[in-house]
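Take a look at the structure below.
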Amino acid sequence: MEKGETHLFLNKPTQKHGRTADDDPTTDDSGRLCREDPTNRSVFMKPLLSLCICISALMIGIALPLRAQDEEYYTKEIGGTLGTNFMLNDVNSSFYGGSNFSGGALLRFVLNPRMAVKTMLTYNFTRGDASTMKGFYPSQFDQITTDRVAHRFDGGWADLSTVYEVHFLPYGYHRGYQGYRRLVPFMQFGLGLTYGDIGKAFTPNVPIGFGLKYKLRPRLNLALDWTFHFTLSDRLEGLAYPAGIKSDMFRNKDHYGQTMITLTYDFSPRCPACHKAE
C-alpha cells in the first residue's frame with residue numbers, strides 16, 4: 001500500500017460502538033471531542049435581550065404618567081417681601097432719590113400658569129428735608145420773602161395693593177408637554193390704597209409695573225418685583241402745594257416706586273383627588 005493511500009484511509013470516519021463520528025454532535029470530523037459552538041447560544045440571547053428591553057420600556061412608560069398624576073398644582077402662595085422705595089414729591093424729583101427701606105407680606109392667587117392675582121401689604125419708610133430742594137419755595141405766599149419753606153419729615157406710608165399679573169411664558173417647575181418655564185418675566189397692574197402717617201393722608205393709588213419670577217423648588221418661588229404707584233394726594237410727605245399752585249388728577253401729586261424681592265410658598269392644592277385612581 002502506498003503512502004498516499006494510507007493517508008486517505010486514516011481520514012475515514014471511525015466506528016464507535018456502532019456510530020460514526022458524524023453521528024456524535026460532540027465530536028469533530030476526526031473523532032475528537034469538541035465544545036459547543038458559541039454562535040448557537042447567541043441565537044437564544046438576542047430574543048431574550050429584546051424582550052427585556054421591551055419590558056423595561058413598557059414599565060417606564062407606565063411610571064411616567066403615574067408620576068405626572070402624583071404631582072400637585074397649587075392655587076395660592078403666601079410669603080414676605082423686602083426692598084427699597086422712593087417718592088417723587090415736592091422735596092424729591094428724581095428716581096431713587098431719598099431711597100429708603102420697605103417690607104411687608106403678600107398673598108397670591110394662581111389662576112393658571114400664565115395669570116395670577118397678587119395682594120401685597122407693605123410699609124415704606126421715608127425721610128427728607130425741604131431745605132435740600134433745588135427749587136425755591138417761599139415760607140409765605142402773602143408777602144415777598146427770601147426765606148425758604150422749612151419742613152422736615154420722618155415717617156412712612158402703608159400701601160395695600162391688588163394687582164393682576166400676566167406671565168409672558170407659562171410658569172411652573174416641571175417643563176412637561178405644557179412647556180412650563182422656571183424663569184418667566186411678567187407685567188402687572190391694578191388698584192391700591194395708601195395711608196401716609198406724616199401728613200395723615202389717605203388716598204387711592206394705581207400701581208403698574210413688571211417683574212421676574214423664578215421657581216426655586218416645586219413649592220418655593222422667588223421674584224424681583226418693580227411697581228410705580230400713582231396717587232391722588234400731595235400730602236404724603238406732609239407738604240402740600242408749596243408753590244401755591246393746586247392741580248387735579250395725578251398731576252403735581254406725590255407718587256412712589258417700589259423695588260421688592262419676594263419669597264413665597266405654595267399651598268392649597270388644586271383638586272387633590274383629580275386624576276388619581278380611587
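- Of the possible donor and acceptor atoms, one in the side chain of N85 sits under 3.5 Å from a partner among the backbone N and O of N100.
- D154 pairs by the side chain to side chain contact (heavy atoms under 4.5 Å, CB included) definition with R127, not counting sequence neighbours.
- Looking at residues two or more places apart in sequence or on another chain, you find no ring pair (Phe, Tyr, Trp, His ring centres under 6.0 Å) involving F109.
- Applying the salt bridge (Lys or Arg N to Asp or Glu O under 4.0 Å) rule to pairs touching residues 171-185 yields nothing, sequence neighbours excluded.
- Formation of a donor-acceptor pair under 3.5 Å by the N92 side chain with backbone atoms of M87 is found in this model.
- Between F210 and W226, a ring centre-to-centre spacing shorter than 6.0 Å is recorded.
- Not a single ring pair (Phe, Tyr, Trp, His ring centres under 6.0 Å) links F101 to another residue, sequence neighbours left out.
- Ring centroids of Y265 and F267 are separated by 6.0 Å or more, keeping the two rings apart.
- The pair K253-D234 does not count as a salt bridge, with every side-chain nitrogen at least 4.0 angstrom from each carboxylate oxygen.
- By the 4.0 Å N-to-carboxylate-O rule, E77 lies too far from K118 to be salt-bridged with it.
- With sequence neighbours left out, Y164 forms a side chain to side chain contact (heavy atoms under 4.5 Å, CB included) with L111, M115, V117, V166, F189.
- Using modelled atom types, one side-chain atom of T231 and one backbone atom of D254 make a donor-acceptor pair closer than 3.5 Å.
- Between the side chain of H255 and the backbone N or O of F250, at least one donor-acceptor pair lies under 3.5 Å.
- Sorted by first and then second residue, the salt bridge (Lys or Arg N to Asp or Glu O under 4.0 Å) pairs with a member in residues 187-199 form an empty list; sequence neighbours excluded.
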